[in-house]
Every structure is written in C-alpha cells, then in structure tokens.
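Here is the naming used below: chain letters follow the sequence lines, and residue numbers restart at 1 for every chain.
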There are 2 protein chains.
Amino acid sequence: MAKQLKKKIDQTTEEKIKIAARKLFTRKGFAAVKTRDIAEEAGINLALLNYYFRSKEKLFKLIMEESFLQFVKGIAEQFNDENTNIDEKIEKLVESYIDLFSQYPDLPLFILSELREHPDAFSSRLDAVTGISRSVFVKQIREAMKNGVYPEMHTFHFLANMMSLIVFPFIGSPMLMKITDISVKQYQEMIQERKKMIPIWIKAMLKSNAYKLIK
Amino acid sequence: MAKQLKKKIDQTTEEKIKIAARKLFTRKGFAAVKTRDIAEEAGINLALLNYYFRSKEKLFKLIMEESFLQFVKGIAEQFNDENTNIDEKIEKLVESYIDLFSQYPDLPLFILSELREHPDAFSSRLDAVTGISRSVFVKQIREAMKNGVYPEMHTFHFLANMMSLIVFPFIGSPMLMKITDISVKQYQEMIQERKKMIPIWIKAMLKSNAYKLIK
DNA sequence: GTCTATATTCTGATAGAC
DNA sequence: GTCTATCAGAATATAGAC
C-alpha cells in the first residue's frame, strides 16, 4: 500500500502527464480531449504539458505509438515460436490478450478507431502485424489443413474469428451487459471463462467444415 | 443513371446536410468533425447548417438517433417471430446485418463508440435491445439447451459470439486486410461468404460443449 | 521546473443584406 | 432560403516572472 502510494508520489511530472493523457485519449480519442482536461487529470499546470511534449499532437502520437506497441508486443514472438503447436499458441494468445484488455478495456476500441481513420499511420509499426501472415503459426495452420487435420479455411476467416471472439466482449461491454442484464462482477467472470472457452470454440469452428458446406 | 443523378440534384438542402453530417460523424465522431467540414461536404453555406438544425449538437443527436434506429430496426421483429426456429433466426439475422454493414461500414464502430462513452444516452431506445433477453429467440435457445438439443451456454456468450463474428470484420477491416494481404474485392467476397459460414460456426460453437469442458 | 498572464488560432453561431 | 461578414468563446500554445 505504502509502496504504491509512494510510487504515485514519486512519479515525475512527465510521467503524470503521460498517464493522464493515455487515460483520456484512449477513452475519448484525440479531438474530444482538451489539453486542460489532461492537465487537470494529471494535477499539473497547463503550460507544463507544452514544456514537456511541445504540443497536444506530439503527445498524442507518443501515446498512440506506445499503445500500439503494447497491442502487438509479444505477438511476433508467440506467433513464431517453433516449440509450441497450434493449440498451445491459441491458448497463450487468448489468455494474454484477455489479461491485457481486462487491464486496459479501452485499448481495443482505441486502436481499431485509430487504425480505421489513419490506416497508413502505422505502416512502420505494422510490420510486426503484417508478419503474421508469414508466421510459424499461420504456416502450422495451413499445414494442418493440407494434411486433413483441419478442413480448409481462409486465413482471413480464421484470424477474424479468433480476434473477434477475444476483442468484442470488451468493445461491446455496455451493450452486452445491458442486454443480458448482468452485473460488473458477473461480466468479469464471463470474461475469465472465455479464456478457456474461446480455444475450444475456435477448434470447433475449424472442424465445422463450413467452407465445403456452403458450396 | 439519370434517375439517380436527378435524385441527387433534387435533394433538398436539409437532406444534403444530413447526408454529409451522417458520413462525417459516423466516420470520425462528434468532436473531430467541424461544422465547416459538414458544410463543405454538403456543398452548402455554413450558415445554413444552423438555419436548419439550430446547432451542431442537435444535428449530431438527430444522426445518432437515426443510426441507432437503423441498428436495432428489425431486431425486435426477427427475435420475436414465433414462426421461425433458431436456425432460421440466426440465418436471417446474420444476413441482414452483413448487408446493412456492407452498405454502412462505419456504422458498427460509431454505435459502439457512442454507446461506450454515453452508456445512458439510449436508455429509451435501448428498450428494443433490452427486450432481447426476453425475446422468443432467447427463449428458444434456452429451451433447446434444457432439452439437451444444445449443451448449456450462457446467453452472454451466445450473443457476444454471434455479434462478434458479424461485426468484427467490419470494424477491423483495415487491420485484417493488411495482415492477410487481400484486395478490397477479395475482402468483399470474404464478407459475403460469412453470411453462410457464420450460422454454421455458431452451431458448431454451441455444440462444442465448452461449458462442461472447462470445469 | 513551475506558474500566471496573454497571444493566437480555431470554431460554433448569428446578424443582416439580398 | 441563401449568402457574406462578423462576433464570442473556446482551445492550443507561448512569453516571461519566479
């Protein structure tokens, strides 16, 4: 307790501003956040924001960059691990992302919104993501389909389905909680349940042979 | 051709403004859109915006309301149709939403963002949505689980999974296209494929018995 | 490094002519 | 109904004292 309190007090002004900015930007986006909001949230003077980060836009890009890194961090390694099989990769991926988003629930919508409005802003950082299509993971999947372990399914559908099952409960939480009339506590339990259920569902979808059934 | 052209010319100023506002608001959100942007996009004078809609906020709320209605329109009827079974309901729902979002790709992210930032702004309109939990559809699902046709699964997971599979390819399209390196044309084909595949996947997930497997 | 006061630009809205 | 010109307030950024 004392430690955490101390840590908060020990934060440099620069850190305070970044923390406040991250909170507000990820929640409301660039345009909806005023520099005064950030200053107030951080408990500092407005002028200090420009002193440390030159401009609102520069601060935003910094936060953006860091959030994006957080988003893709670990993907490359997990996707290219030669020592784990498909099932293990899926399980690891699902778990680490659900943990990440449980801690930062606004992160997915923020990234997706930004990527939608500025699709080319991340071409540099997106290398890690683009590499996915050439990753060990995708190769393993394709191999398994060739060998008949899994029926054919385009990588697009596979990745879309996996990401959607992980991400949607976070970006749609207000709607889902309202519709199903559950408490915050129950919601969090559901999210935890999904760590084990999503891998099972993904395998079930893979095996469903949907590609041939629709022809 | 002539007809469509004529229609565009025949649009009243009020309609022009609404169309421009819908396009920009759904794409960038309230704060990021300037009234001058709307006026330019609509090809009209800035003053006319206030003449017709009084203020930016009133115009936004109008667009919001209409978009939300578009989003929930038809749900209530489809969910409460006594003459269709579970499978038919899922198929209809998936198809009509994929068609809707194909036409308005920015709609899902817009609604989800708004609902996240102003969870209570739609309590009135959300009745239609809230009614889902008491709908014939949900009753049919629960019935099927009781009778052993389907294994047990919480409504939260069922709805979350169904919505996610429909919605995510639209809100994550830039990322997905980049990762899987497909063209816009291929992307649209994938989306169309999903109309038939999602119902199959949903059934496969239902039957996977994930709930018992995780215990 | 931090603050107060202020400059500057942007933005929503309106007045008044046509 | 539509336009030009303009106002009032908001929001970003900086100057200069401490």
Side-chain angles (χ1 to χ4, degrees), chain A residues 5-67 106 110 113-114 117-118 121, chain B residues 5-67 106 110 113-114 117-118 121:
Chain A
L5 208 66
K6 187 144 180 294
K7 191 168 183 185
K8 180 150 192 180
I9 291 168
D10 280 353
Q11 278 166 353
T12 65
T13 302
E14 197 175 344
E15 280 169 343
K16 280 188 210 160
I17 297 173
K18 267 176 70 175
I19 291 168
R22 177 183 314 279
K23 179 177 168 185
L24 294 178
F25 279 144
T26 52
R27 184 176 299 167
K28 314 209 288 179
F30 177 77
V33 174
K34 315 300 164 205
T35 50
R36 282 172 171 77
D37 301 339
I38 299 175
E40 191 185 357
E41 174 75 30
I44 55 101
N45 188 281
L46 173 60
L48 290 174
L49 192 149
N50 294 82
Y51 174 77
Y52 281 105
F53 300 96
R54 301 253 328 146
S55 75
K56 180 190 175 188
E57 203 177 341
K58 282 206 170 63
L59 175 56
F60 179 76
K61 283 187 177 164
L62 190 72
I63 300 295
M64 211 29 250
E65 188 84 1
E66 287 187 11
S67 297
D106 294 321
F110 178 60
S113 301
E114 275 307 311
E117 214 171 332
H118 313 288
Chain B
L5 208 65
K6 187 144 180 293
K7 192 169 183 185
K8 179 148 193 181
I9 291 168
D10 279 354
Q11 278 167 353
T12 64
T13 302
E14 197 175 343
E15 280 170 342
K16 280 188 210 160
I17 297 173
K18 267 177 67 174
I19 291 168
R22 179 184 313 280
K23 179 177 168 184
L24 295 177
F25 279 145
T26 52
R27 183 176 298 169
K28 315 209 287 176
F30 178 77
V33 175
K34 316 299 164 205
T35 51
R36 284 171 172 79
D37 302 339
I38 300 175
E40 191 186 357
E41 173 75 31
I44 55 101
N45 189 282
L46 172 61
L48 289 175
L49 192 150
N50 293 82
Y51 174 77
Y52 280 103
F53 299 96
R54 301 256 325 150
S55 74
K56 179 190 174 187
E57 203 178 342
K58 282 206 169 64
L59 175 56
F60 179 76
K61 282 188 177 162
L62 190 72
I63 300 296
M64 211 30 250
E65 188 83 1
E66 287 187 12
S67 297
D106 294 321
F110 177 59
S113 301
E114 274 308 310
E117 213 171 331
H118 313 288

Qualifying salt bridge (Lys or Arg N to Asp or Glu O under 4.0 Å) pairs, either residue in residues 47-64 of chain B, two or more places apart:
B/Glu57-B/Lys61
Partners passing ring pair (Phe, Tyr, Trp, His ring centres under 6.0 Å) against A/Phe53 (at least two apart in sequence or in another chain):
none
I need a per-nucleotide contact map over nucleotides 11-17 of chain C, read 5' to 3'. Cutoff is protein heavy atoms under 4.0 Å; write B for the base, S for backbone only, - otherwise.
BBBB---
For residues 33-43 of chain B, which side-chain donor-acceptor pairs fall under 3.5 Å, sequence neighbours excluded?
| from | atom 1 | to | atom 2 | distance (Å) |
| --- | --- | --- | --- | --- |
| B/Lys34 | NZ | B/Ala31 | O | 3.2 |
| B/Asp37 | OD2 | B/Lys34 | N | 3.1 |
| B/Glu41 | OE2 | B/Lys23 | NZ | 2.9 |

The side-chain hydrogen bond (donor to acceptor under 3.5 Å, both in side chains) partners of B/Asn50 (sequence neighbours excluded) come to none
Who passes side chain to side chain contact (heavy atoms under 4.5 Å, CB included) against A/Ser113, sequence neighbours left out?
A/Leu109, B/Leu109, B/Ser113
Separation of C/dT2 atom C1' from A/Glu14 atom CD, nearest Å, is 15 Å
Touch check for B/Phe53, heavy atoms < 4.0 angstrom, all strands: base, sugar-phosphate only, or nothing?
nothing
